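To keep things clear, I will list the structure first and then write my remarks on it.
All values derive from a computational prediction rather than experimental measurement.
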Amino acid sequence: MNGLRLLNWTETNQQFMVAEFTRLKALLKGEDPSEALAAIDQVQAALPSPSAIDGLVECFGLSSFERDVLLLCAGVEMDSELATLCGTCHHNANREYASFGLALAVLKESHWSALTPLR
C-alpha cells in the first residue's frame, strides 16, 4: 500500500473495509493474516476519525469476535471471494454465507456469549 493516496474519510473507510475483508479471507483460508493486519494498521492510521465499523463497535459495545462476525456478514454481501470462501469452509458451494458455526470455527476470540440476550 506504499504511495497510497487517501483523499477523504469515505474513501479511506472503504480501503479499511477492503483490508479487513482481506484479513478475514486469510483466516478462512487458514493463512497468516499478518500482511492484511499491516495494511489495516496503515489505512487506520490515515483515518481522520474512527472507521464505520469501529464506530459501531463503540456504539454497541461489541467484542472483537462480535466485530468480526459483523464484518463477515457484511463481507459476504460485498466481496464475492469472501462468500465463495464461506462455501468452501462449509464444504458446500451452495452455502456461500456466514454462519455462527463458521464464525466460531474460524474467527479469533470466538465465544458463545455473543448469542446471549445481553449481547
Side-chain angles (χ1 to χ4, degrees):
M1 297 187 86
N2 291 337
L4 183 64
R5 289 186 50 163
L6 304 173
L7 301 176
N8 58 42
W9 181 89
T10 302
E11 182 179 297
T12 308
N13 185 70
Q14 182 179 8
Q15 292 169 347
F16 185 76
M17 292 294 289
V18 168
E20 286 284 7
F21 294 158
T22 300
R23 177 182 62 86
L24 290 174
K25 287 187 258 190
L27 291 174
L28 288 170
K29 292 176 185 176
E31 297 175 353
D32 180 11
S34 297
E35 197 171 308
L37 288 169
I40 289 166
D41 288 343
Q42 183 178 4
V43 177
Q44 190 170 35
L47 279 164
S49 59
S51 66
I53 185 67
D54 290 331
L56 288 171
V57 167
E58 185 176 330
C59 180
F60 292 102
L62 302 178
S63 68
S64 61
F65 173 65
E66 292 162 334
R67 178 186 188 274
D68 280 351
V69 169
L70 183 57
L71 281 169
L72 183 60
C73 291
V76 297
E77 299 300 327
M78 299 168 75
D79 185 322
S80 61
E81 183 183 357
L82 195 52
T84 300
L85 285 169
C86 285
T88 300
C89 288
H90 283 124
H91 304 290
N92 183 338
N94 293 324
R95 294 183 66 193
E96 292 187 336
Y97 51 82
S99 68
F100 194 69
L102 177 62
L104 286 172
V106 174
L107 300 177
K108 306 292 182 199
E109 301 177 31
S110 61
H111 57 89
W112 280 96
S113 65
L115 292 175
T116 64
L118 295 176
R119 297 307 302 159

same_hphob_cluster(V18, L28) at 4.5 Å side-chain heavy-atom cutoff: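 The answer is no; the residues belong to distinct hydrophobic clusters.
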Side chain to side chain contact (heavy atoms under 4.5 Å, CB included) between L72 and F21, intermediate numbers included: CA-CA 8 Å; L72 183 60; F21 294 158; over 6 Å; no
Which residues share a side chain to side chain contact (heavy atoms under 4.5 Å, CB included) with A74, sequence neighbours left out: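 Partners of A74 by the side chain to side chain contact (heavy atoms under 4.5 Å, CB included) criterion, ordered by chain and then number, come out as M78.
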For L70, all residues meeting side chain to side chain contact (heavy atoms under 4.5 Å, CB included), sequence neighbours excluded: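 If we apply the side chain to side chain contact (heavy atoms under 4.5 Å, CB included) test to L70, skipping adjacent residues, the hits are I53, L56, L62.
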Chi angles and distances behind the side chain to side chain contact (heavy atoms under 4.5 Å, CB included) call for L24, E20: CA-CA 6 Å; L24 290 174; E20 286 284 7; 5.7 Å; no
Quick check: closest heavy atoms across [X] and [Y], and the distance to 0.1 Å?
X	Y	value
N13	L47	N-CD2, 3.8 Å
G61	E66	O-OE1, 4.2 Å
C73	A98	SG-CB, 4.1 Å
L82	V76	CD2-N, 4.0 Å
V69	A103	CG2-CB, 3.9 Å
C86	E96	CB-C, 4.3 Å

Looking at [atom1] of [X] and [atom2] of [Y], how far apart are the two atoms once the value is rounded to the nearest 0.5 Å?
X	Y	atom1	atom2	result
T22	D79	OG1	CG	7.5 Å
L71	S64	CG	OG	11.0 Å
Q44	L37	CD	CG	10.5 Å

For E31, all residues meeting salt bridge (charged side-chain N to carboxylate O under 4.0 Å, His left out), sequence neighbours excluded: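 Applying salt bridge (charged side-chain N to carboxylate O under 4.0 Å, His left out) to E31 gives none.
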Salt bridge (charged side-chain N to carboxylate O under 4.0 Å, His left out) between R67 and E58, worked out: CA-CA 10 Å; R67 178 186 188 274; E58 185 176 330; over 6 Å; no
Side-chain donor/acceptor of W9 to backbone N/O of S51, under 3.5 Å: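 Such a contact is absent between W9 side chain and S51 backbone.
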Candidate pair E11 and N8, rule side chain to side chain contact (heavy atoms under 4.5 Å, CB included), full reasoning: CA-CA 6 Å; E11 182 179 297; N8 58 42; 3.4 Å; yes
4.5 Å side-chain heavy-atom contact, K108 and F65: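 A side-chain contact under 4.5 Å is absent here.
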